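All remarks here apply to the structure that follows.
Note that this is a predicted model, so its numbers are computed, not measured.
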Amino acid sequence: MFQEFDSLILLEILMIIYGIGLVIGTVRIFIEDKILDALTLFCGIALIIAGVFAILLT
């Protein structure tokens, strides 16, 4: 039980980190090339929100 809980928390933290990476990467490309990839930005924000809510609900 405790090991499953740790795995779930780790997965949720990894979702948040991956989402932050997507957002930072999208913003960096926008600053350099003035090209905004809205889908990647949206997916990054969605991953961050999903990870936060998943942690709050466990």
Going from [atom1] on [X] to [atom2] on [Y], what distance comes out if it is rounded to the nearest 0.5 angstrom?
X: Thr26; Y: Ile31; atom1: OG1; atom2: CD1; value: 11.0 Å
X: Ile48; Y: Cys43; atom1: CD1; atom2: SG; value: 11.5 Å
X: Ile45; Y: Ile20; atom1: CD1; atom2: CD1; value: 11.5 Å
X: Leu8; Y: Leu57; atom1: CG; atom2: CG; value: 12.0 Å

Single-linkage hydrophobic cluster, 4.5 Å side-chain cutoff, [X] and [Y] together:
X: Ile17; Y: Ile24; value: yes
X: Leu39; Y: Leu36; value: no
X: Val27; Y: Ile16; value: yes
X: Ile13; Y: Phe53; value: yes

In the structure I gave you, are the side-chain heavy atoms of Thr40 and Ile29 within less than 4.5 Å of one another anywhere?
no
Apart from Leu47 itself, its cluster of hydrophobic side chains linked below 4.5 Å comprises Met15, Tyr18, Leu22
Which pairs count as salt bridge (charged side-chain N to carboxylate O under 4.0 Å, His left out) when at least one residue sits in residues 30-56, sequence neighbours excluded?
Arg28-Glu32
Could you note down all residue pairs passing salt bridge (charged side-chain N to carboxylate O under 4.0 Å, His left out) where residues 43-58 supplies at least one of them, sequence neighbours left out?
none
Can you give me the closest heavy-atom contact between Leu41 and Val23, atom names plus distance?
CD1-CG1, 4.1 Å
